[in-house]
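Structure, as structure tokens:
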Amino acid sequence: MPRILPSLFRKARTISPHLGTLLPATRDLPSALNELRWIREHVHLTATGDGGNAASAAALEKRVAALCARRGRGVPLQYVLGTQPFGTLDLRCRPGVLVPRAETEAWVLHLADRLKGRARDADLSSLPDRRRRSDDQEEGGLRIVDFCTGTGCVALGLFAGLQSTHPHLHVRGVDVSTRAVNLARENLRINLEAGNLAAPLAPKQSFAFGQADVFDDEAMRGLINTGDETTRGGRGYDVVVANPPYVSRDVWAHGRGDLGYSVRKYEPSLALVPGEGVPSYEGCAHEDVFFARLLDVAGWLGARVVLFEVGDEAQAARVLQLVARKMAWRGDEIDARCEVWRDWPDLPPTDGEAVPLRVEHGKESRNVPVKGSGKVRSVLIKPDVRPHVNMSRQSL
Amino acid sequence: MSSLARHFQKAIHGTFDFPRAAASLQLAPFSTSALALKQMPPRPKPPPDHELEESYLKGSGPGGQKINKTSSAVQLKHIPTGIVVKSQATRSRSQNRKIARQVLADKLDVMFSGEQSRSAIVGEVKRKKAASAAKKSRRKYRKLEGAEEAPAGDAKDPEAAVPTDGDSDKGDPHTKGPADSSKS
């Protein structure tokens, strides 16, 4: 991390002492100015909420200084202010739960557009497929599960984006951490009250968060039957999404110039690095273990669309290899059924960003299409429909 | 429900939320102009995406879970005119994209519609309100000061004859004379 020059500190302080406080965290002056503005807005907004007397200017300024001090030490701004906007939502953030990233927001919004048939590539709007069991009481329903939901941002974002176009819509968010599940439930309640989200129109629409460990077979089996009490028998999910822990132990322990200081110091490792207790899979790097497991779970749930956020291009390629192995797909199927998305999937690619991703499959080398602009950020997989959800099938 | 109607609802029910309002309406929260703006011409529509070139600040870092950025600056260029708009107004990239598009739409509106643009009309209404408020307060203080003078049903507003009262705006409605009672 390059040193901040004393001259920059001096310059910052001539404008406001708070900028000098913020600079170690924000690294540059324009960012410090932005963050000071947001901190001020937040203090003034939350101060006028206090019934009785308007807080004095001095008291407000004192609060601004306190928040700047926290932020200056590296505490993520979203923990300092307690919120982060996400799409049309305003999400509460708290230590112990990962802060929603703008990159996550971008793929969530784009996935919603694809499911609605509103993006340029419209193929996902053909969900749900007509090849459903005949006792399906919900022709045209869309069932989505978000694993490692954290603040609930992905589940909430998808529900918000789809609720008016999908009269049959069931969304579930799952996390192993009760802290996260509680926060996600709070975010649902708060955004409903604020009108950012309309209440699900029961019984055809429903939304719920629950605690579960993705590595617990019993819990995953239980998912098939939860939430949608109006139908008989087991119901799978059409769409499986996740932003699971994907940072390697090496990067977590040593940074490698790859991990933000404030992330490492203040955000929960549970959300970022697969733990020591997770099972290991043959031929699977530790940081990819959630992807291996969630691909299995997605298979059991009969998912037709799977989207995972990934850390980088190399990890995307490894995930695609895992997919190819598990699905036993032919090379051309890999290319046809997978996509890689960059940070901003709806922006046109620049300088070489459209070059397909090379995935080694046995002796051949496949080319998976890459969409959008920015760094490689997520992987979209469209598996076959399985006529019956079958939990007895063991993979790996 | 349109975003304007939704914010209006919130203002009535006392749950007005400043940051979101500021982001999407660019208004001061507790102003009566919320009512007036209902009668304003609708906001100009942003140009279609194919006329736009959107870019973002290309960071050198890793992104995703490994970095927690706090701002998402958006830059929008309108290809046919070359106009560039940047927005870092909010902490939300999706909001900033909307704001940038709206700001661009407003600029194009001014460029092509001049005095008929929404900005010009809104600006005019605000000027009228400000001038009217200033005029009322001058009248009040003059009354207080000159209470001993006959208050006389002022057929002619002494202000009307004076084109400028430190108000240098062109087309000041007060020069139109006392018959124009819409500002009282």
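Treat the numbers as computed from the prediction; the structure is a model and nothing was measured. Each chain gets a letter, A, B and so on, in the order its sequence line appears, and its residues count up from 1. Excluded from the calculations below are hydrogen atoms, water molecules and symmetry mates; all remaining heavy atoms, backbone and side chain alike, are included.
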Checklist entry - Would a 4.5 Å heavy-atom cut-off, applied to side chains only, mark Pro62(B) and Asp312(A) as touching? => result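 When only atoms from C-beta onward are counted, Asp312(A) and Pro62(B) do not touch, as no gap falls below 4.5 Å.
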Next on the checklist: Are the side chains of Gln65(B) and Glu267(A) in contact, using a 4.5 Å heavy-atom criterion?
Outcome noted: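 Heavy-atom side-chain distance check fails, nothing below 4.5 Å.
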Name the region of [X], side chain, backbone, both or neither, that has any atom closer than 4.5 Å to a heavy atom of chain B.
X: Arg37(A); value: side chain
X: Ser378(A); value: neither
X: Thr26(A); value: neither
X: Leu272(A); value: both
X: Pro100(A); value: neither
X: Leu259(A); value: both

Item to check | Check: Thr70(B)/Gln78(A) side-chain N/O donor and acceptor closer than 3.5 Å | outcome: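 The answer is no; no qualifying pair exists.
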Item to check | Arg91(B) with Asp90(A): basic N within carboxylate O range, under 4.0 Å | outcome: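 Salt bridge absent between Arg91(B) and Asp90(A).
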As an exercise: rank [options] by heavy-atom pairs under 4.5 Å with chain B and give me the winner.
options: His42(A), Glu309(A), Gln84(A), Glu193(A); value: Gln84(A)
options: Pro244(A), Gly257(A), Ser31(A); value: Pro244(A)
options: Val247(A), Asn34(A), Val251(A), Val310(A); value: Asn34(A)

Checklist entry - For the atom pair OG (Ser248(A)) and NZ (Lys66(B)), what is the distance rounded to the nearest 0.5 Å? => result 6.5 Å
Next on the checklist: Which residues in residues 71-84 of chain B have any heavy atom closer than 4.5 Å to a heavy atom of chain A?
Outcome noted: Ser71(B), Ser72(B)
Tell me the closest heavy-atom pair linking [X] and [Y], and the distance in Å.
X: Ser94(B); Y: Glu105(A); result: OG-OE2, 3.0 Å
X: Ser92(B); Y: Pro85(A); result: CB-CB, 3.4 Å
X: Val263(A); Y: Asn68(B); result: CG2-N, 3.6 Å

Checklist entry - Asp346(A) and Arg97(B): side-chain contact (heavy atoms from CB on, under 4.5 Å), yes or no, with the steps? => result CA-CA 12 Å; Asp346(A) 58 343; Arg97(B) 296 181 81 193; 3.0 Å; yes
Checklist entry - Checking salt bridge (Lys or Arg N to Asp or Glu O under 4.0 Å) for the pair Arg93(B)/Asp343(A): CA distance, chi angles, key distance, verdict? => result CA-CA 12 Å; Arg93(B) 175 178 173 261; Asp343(A) 286 324; over 6 Å; no
Checklist entry - Is there a donor-acceptor pair closer than 3.5 Å between any side-chain N or O of Tyr56(B) and the backbone N or O of Gly374(A)? => result yes
Item to check | Side-chain donor/acceptor of Trp38(A) to backbone N/O of Ala89(B), under 3.5 Å | outcome: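 At least one qualifying donor-acceptor pair exists.
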